[in-house]
Amino acid sequence: MEELPSTALKWPFPKTLNSRLWRLSSAIIIGGTAAFSKIWLGWLNQKHVYNLDILEETFSRVKDTPLLTVTNHISCFDEPLVWGMLKWRHVMNSQLIRWAIGADEMCFYTWLLSQYFSKGKVIPVIRGNGVYQKGMNFALDRLNDGQWVHIFPEGHVNDTGNICRLKWGVGRLIAESSKVPIVIPFWQLGLDDVLPNKRPYIPRIGKHVTINIGKPMFFNDIITEYRELKETAIGARKRITDRIQERFQELKEETEKLHSMQDLTN
């Protein structure tokens, strides 16, 4: 399939991510963004986070073990605001904090935006270019380095209230990671009230946000069959993605109940 054109001026990451200048500038961007997220989510709005310890426990995982988090996408504010749920020492840690996958045409269409988002550890992907494009390869490399990658598997902001068909890119990241990643799903509600999906796109305060973190998911059975050539790459990606979609439905129902309970008590 012919690749769609990128809107990015050029690939935003250097050949090595270990240079002192890149790490310093990344730490500054991440620190400032983290402070904004903590203040806006936790101080100017009301957040209720369930099972945060499940995610926090992964921060002390065995070295080189990759972490992949997946959640629904209801607002352009999901990234980075949702990470305001983390403790200060975690969200300010530029080496620990996630790599996120973001839309090229939304985050990288000017030099300034490209600098900001890349230093904030956001990876550009081009919608419609499939699971083997450069951004997905880069994300897979980060998992292979034992780092944390976050993806919105719906692939776009979905404010319908229903789960749309998930993209198979998440299945590729899990199936082809050199070491099976820890996969943490979660569901969140209320960030579309903090930043409504309609003009004039002004962030609001005093809103109620609920984040419900699920238990780790395991795909060893599918991955084993894939690596033993008992399953095709397409089949493995589909089965993994379907399993996440089923878990999303369960988390969605749980979180809606929790969110309603908080509404009644406020």
- prompt: Can you tell me if Lys121 uses its side chain to pair, donor with acceptor, with the backbone of Ile97 under 3.5 Å?
  reply: yes

field: Note, Trp88 side chain near His90 side chain (heavy atom, < 4.5 Å)
entry: no

task: To the nearest 0.5 angstrom, please state how far the OG atom of Ser177 sits from the CD1 atom of Ile182.
output: 11.0 Å

- request: Only counting residues at least two apart or in another chain, list the ones meeting side chain to side chain contact (heavy atoms under 4.5 Å, CB included) with Lys179.
  value: Thr65, Pro66

Counterpart residues, side chain to side chain contact (heavy atoms under 4.5 Å, CB included), relative to Ser75 (two or more places apart): Phe77, Asp78, Leu191, Asp192, Leu195, Asn197

message: Under 6.0 Å from the ring centre and within 45 degrees of the ring axis: does the NZ or CZ of Arg142 meet both conditions for the six-membered ring of Phe138?
response: yes

task: Decide whether Glu253 and Gln249 meet the rule of one side-chain donor and one side-chain acceptor closer than 3.5 Å.
output: yes

- request: Kindly determine whether Trp187 and Glu254 satisfy side chain to side chain donor-acceptor pair (under 3.5 Å), including the steps that lead there.
  value: CA-CA 9 Å; Trp187 197 262; Glu254 292 174 12; over 6 Å; no

task: Could you grab the distance from atom CD1 of Ile240 to atom CG of Leu166, nearest 0.5 Å is fine?
output: 12.5 Å

message: Between Pro124 and Phe13, is there a side-chain heavy-atom distance shorter than 4.5 Å?
response: yes

- prompt: Is Glu154 salt-bridged to Arg165, going by a charged N under 4.0 Å from an acidic O?
  reply: no

task: Kindly indicate whether a cation-pi arrangement holds for Lys38 with Trp43, taking the cut-offs as under 6.0 Å to the six-membered ring centre and within 45° of the axis.
output: no

- prompt: Do Thr69 and Trp148 come within less than 4.5 Å of each other through their side chains, counting heavy atoms only?
  reply: yes

query: What orientation do Phe152 and His73 show, parallel under 30°, tilted 30 to 60°, or perpendicular over 60°?
result: parallel

- prompt: Do Val82 and Phe186 have side-chain heavy atoms sitting under 4.5 Å apart?
  reply: yes

- prompt: Partners of Arg237 by salt bridge (charged side-chain N to carboxylate O under 4.0 Å, His left out), sequence neighbours excluded?
  reply: none

- prompt: Should the ring pair His259 and His208 be called parallel, tilted or perpendicular, given that the plane angle runs from 0 to 90° and is split at 30 and 60?
  reply: parallel

message: I'd like to check Leu55 versus Thr58 (side-chain heavy atoms, cut-off strictly below 4.5 Å). Are they in contact?
response: yes

- prompt: Would Glu250 and Arg247 pass as an ion pair if we require N to O under 4.0 Å?
  reply: yes

Residues Tyr226, Thr232; criterion side chain to side chain donor-acceptor pair (under 3.5 Å); working and verdict: CA-CA 6 Å; Tyr226 171 56; Thr232 64; over 6 Å; no

message: Has Thr33 got a side-chain atom pairing as donor or acceptor with Ile30's backbone, closer than 3.5 angstrom?
response: no

message: Determine whether Tyr116 and Trp111 satisfy the following criterion, ring pair (Phe, Tyr, Trp, His ring centres under 6.0 Å), listing intermediate values before the conclusion.
response: CA-CA 9 Å; Tyr116 172 76; Trp111 180 87; over 10 Å; no

- request: State, without any angle test, whether Tyr50 and Thr255 hold a side-chain donor-acceptor pair at a distance under 3.5 Å.
  value: no

